[in-house]
Protein chains: 2
Amino acid sequence: MKHNITSINDIARALGVSASTVSRALKDHPDISRETRARVQAFARSVNYRPNALALGLKQQRSFTLGIILPEIVHHFFSTIISGIEDLAYSKGYRLMICQSNEEFERERINLQALLDHRVDGLLISMSKNTFEFDHFKHAVEHGLPLVFLDRVCKDIETDRVVTDDFQGAHLVTTHLIRTGRQRILHLAAPQHLAIGRKRLQGYSEALADHNIGLSDELILQCDTPTQVLANREKILSLAPTIDGIFAVNDFTAIAVMQLLQENGFVVPADIAVAGFGDDPIALIARPKLTTVEQKGYDMGKEAVRMLIERLENPDKEKGFETKTFSATLKLRESA
Amino acid sequence: MKHNITSINDIARALGVSASTVSRALKDHPDISRETRARVQAFARSVNYRPNALALGLKQQRSFTLGIILPEIVHHFFSTIISGIEDLAYSKGYRLMICQSNEEFERERINLQALLDHRVDGLLISMSKNTFEFDHFKHAVEHGLPLVFLDRVCKDIETDRVVTDDFQGAHLVTTHLIRTGRQRILHLAAPQHLAIGRKRLQGYSEALADHNIGLSDELILQCDTPTQVLANREKILSLAPTIDGIFAVNDFTAIAVMQLLQENGFVVPADIAVAGFGDDPIALIARPKLTTVEQKGYDMGKEAVRMLIERLENPDKEKGFETKTFSATLKLRESA
DNA sequence: AACGATACCGCAAACGTTTGCGGTAATTAT
DNA sequence: ATAATTACCGCAAACGTTTGCGGTATCGTT
């Protein structure tokens, strides 16, 4: 609804000049006399004039808005990403339109379409777990829209990416488990169509191989949420007497399995060492405190939006796509 | 930058009709013949025509965008609020522009101004902890923009609100502590210019009074973050031998103080019972599991956006402002 | 005095969409 | 045959902003 907001046309009428004079005066354009500029600026201040971003966006073909699609906002890692994005975007004068896909392909597609309709200047996307088809991303990129994939990247689309060195992190933490005497390590894995799932499993596998420990299929379980820990409780408990370590693909899953073990008489880390991936705040709250791999959500978010804004503000600079890989850091605590 | 996106004008040229014909045909307007409507619609589909939301917004004076300002996105409670908002907004066809104030008044003010510039249809705001002056809210409301305050409300502005029954929750949990034998209960409070801080302290005070227990100023400490628990560690540890319960204003603070006590030889809940407010996932991760008051962020977010959209979609319905108060539920676990 | 240059402002089109209302041809009623 | 009505489409203005370019008055040079 019309909110009696003052426009350039209103100012023009009030001062008896044209809208183009007002527009130029507000920009301190030398074609407009100093006197007229001063009159217009003073009046604009007095009526709290603010340019309409919709009109500006239509005229300039820029909306100063970035579109973000993440799987789940409540997931701590994703909320730190958003926080990092928002902090830098705010300082650079960009607004954020944030959507969550809730791991649903269709919702991701519809949200992406809506962001395109709103003429966002660029996109930051972490792909849904259930996205197996990428035309919606292709469509966006074909429009020349800069897009940075974050964490959950789509390998079919050539574009900038910001990821954690999942392989390295998994390798580090598995190596740590082995070097502290663990030999039979269960890996609670993410779905393998996700790069992070694959790379963390690869890191785990390679670390075992590096220590001449054979890979055992029965020690790899797809289980990447607390809900799935519950769903797999019988399996996990039947394996428990035969293992001495667990590397879970994220902290929530690690803590869920740790608590399951503790509730069933196992002592962590004495009986079974447990490690996660993420270094969420819960890692410090859990007892024992969780050994995990730090994942720098905030910094990743900041870097992703920095890369995006660099493309937006240098559109003619033909720059090859980059993948920025954040190194993983092992956080040694009590659980492993 | 122009992304070669098809406009109504492009379709009009291609089909040899006028833009107004195309616009009407796309809306199945009876003034346009069936044959022309069919031709236009088929062509629009074939070129993936999508209306430009900026142009639509300018013309219709509606942007189908809601502005949200919250203190901190990484704070679990706020991320659940966003999730609730986003789920309902998505289903009703609204986009979200989300900003965080980082508890800074100036950033809240600038973010609010930017949302107004973008002509968001309505606002959902949880006030910054450091907001003591409300002209920026008044300015928004004076423009006739619907605004719903969430959780951290501003009492000087008449508008819709969604809150937790902080008083009731605090009363419930303090009563529980008393009824399980605790007599000297430390309250770790939020700043008193925040309604939630005041009401939770009031609930605590009233519960003590209800049980003929005198209120002691030395048992009220402003301390509402883990960082402040560290800052107040000497004070808390000097009080510890003289108290038998703690009611902290939020879960993070409760768990931080619980861990401080445990690290200094106290047993929870045997020596000192500890309760929080919020029922974040960390409540279940902490050991002992935290007794706390459930705060329904997701449902509050959903309700807030429902109220906002109801006003947007019924602008002529003169409806008094409401405050929806979500009841608090005590979650009894092991820490108290 | 005449001509050229400059200061200062406004016209009009454009971005993309919607819609009130008018024009014209075809159809229907008298 | 003529008048009235209707179907179907387009013109033009509007939402709010920007900007290329032209008009006019004033000033400076010859």
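Naming: A, B, ... by sequence-line order, numbering from 1 per chain.
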**OP:** May I ask you to verify if any side-chain N or O of Ser23(A) is less than 4.0 angstrom from the OP1 or OP2 atom of dT17(D)?
**Re:** no
**OP:** Look at Lys27(A) and dT17(D) and indicate whether a side-chain polar atom (N or O) is within less than 4.0 Å of OP1 or OP2.
**Re:** no
Original post:
Could one point to a donor on the side chain of Arg50(B) or the base of dG16(C) with an acceptor on the other under 3.5 Å away?
Top reply: no
Rounding to a whole Å, what distance do you find between [X]:[atom1] and [N]:[atom2]?
X         : N       : atom1 : atom2 : answer
Phe64(B)  : dT17(C) : CZ    : P     : 15 Å
Leu26(A)  : dT19(D) : CG    : P     : 12 Å
Arg62(A)  : dT17(D) : CZ    : P     : 18 Å
Arg13(B)  : dG16(C) : CZ    : P     : 9 Å
Asn52(A)  : dC15(C) : CG    : C1'   : 13 Å
Asp31(B)  : dG10(D) : CG    : P     : 12 Å
Arg119(B) : dC15(D) : CZ    : P     : 13 Å
His29(B)  : dT19(C) : NE2   : P     : 8 Å

Original post:
Quick one: on DNA chain D, does Thr21(B) or Tyr49(A) contact a more 5' nucleotide (nearest heavy atom)?
Top reply: Thr21(B)
Original post:
Quick one: does NZ or CZ of Lys324(A) land under 6.0 Å from the six-membered ring centre of Phe326(A), within 45 degrees of the ring axis?
Top reply: yes
From [options], nucleotide with atom closest to [X] side chain:
X        : options                   : answer
Ala55(B) : dG16(C), dG16(D), dT19(C) : dG16(C)
Gln60(B) : dT17(D), dT18(C), dC11(D) : dT18(C)
Thr36(A) : dC9(C), dG16(D), dT18(C)  : dC9(C)
Arg24(B) : dC21(C), dC11(C), dT17(D) : dC21(C)
Asn9(A)  : dG16(D), dG10(D), dT19(D) : dG16(D)
Ser20(A) : dG10(C), dC15(C), dT19(C) : dG10(C)
Leu58(B) : dG16(D), dC9(D), dT18(C)  : dG16(D)
Ala19(A) : dT18(D), dT19(C), dT19(D) : dT18(D)
Ser33(A) : dC8(C), dA14(D), dG10(D)  : dC8(C)

Subject >> Distance-minimising heavy-atom pair for Arg107(B) and Asn102(B) >> reply: NH1-ND2, 3.3 Å
Subject >> Salt bridge flag under 4.0 Å for residues Asp28(A) and Arg37(A) >> reply: yes
**OP:** For the pair Arg152(A) and Glu103(A), find out whether any cationic side-chain nitrogen is under 4.0 Å from an anionic carboxylate oxygen.
**Re:** yes
**OP:** Using a heavy-atom cut-off of under 4.0 Å over every strand shown, decide if Ser7(B) touches base, sugar-phosphate, or nothing.
**Re:** sugar-phosphate
Original post:
After noting the C-alpha distance and the side-chain angles of Leu150(B) and Ile125(B), does the key distance pass the side-chain contact (heavy atoms from CB on, under 4.5 Å) rule?
Top reply: CA-CA 6 Å; Leu150(B) 251 183; Ile125(B) 300 180; over 6 Å; no
**OP:** Evaluate the salt bridge (Lys or Arg N to Asp or Glu O under 4.0 Å) criterion for residues Lys302(A) and Asp87(A): first the C-alpha distance (whole Å), next the side-chain angles of each, then the deciding distance (0.1 Å), finally the verdict.
**Re:** CA-CA 7 Å; Lys302(A) 219 165 176 165; Asp87(A) 277 350; 5.5 Å; no
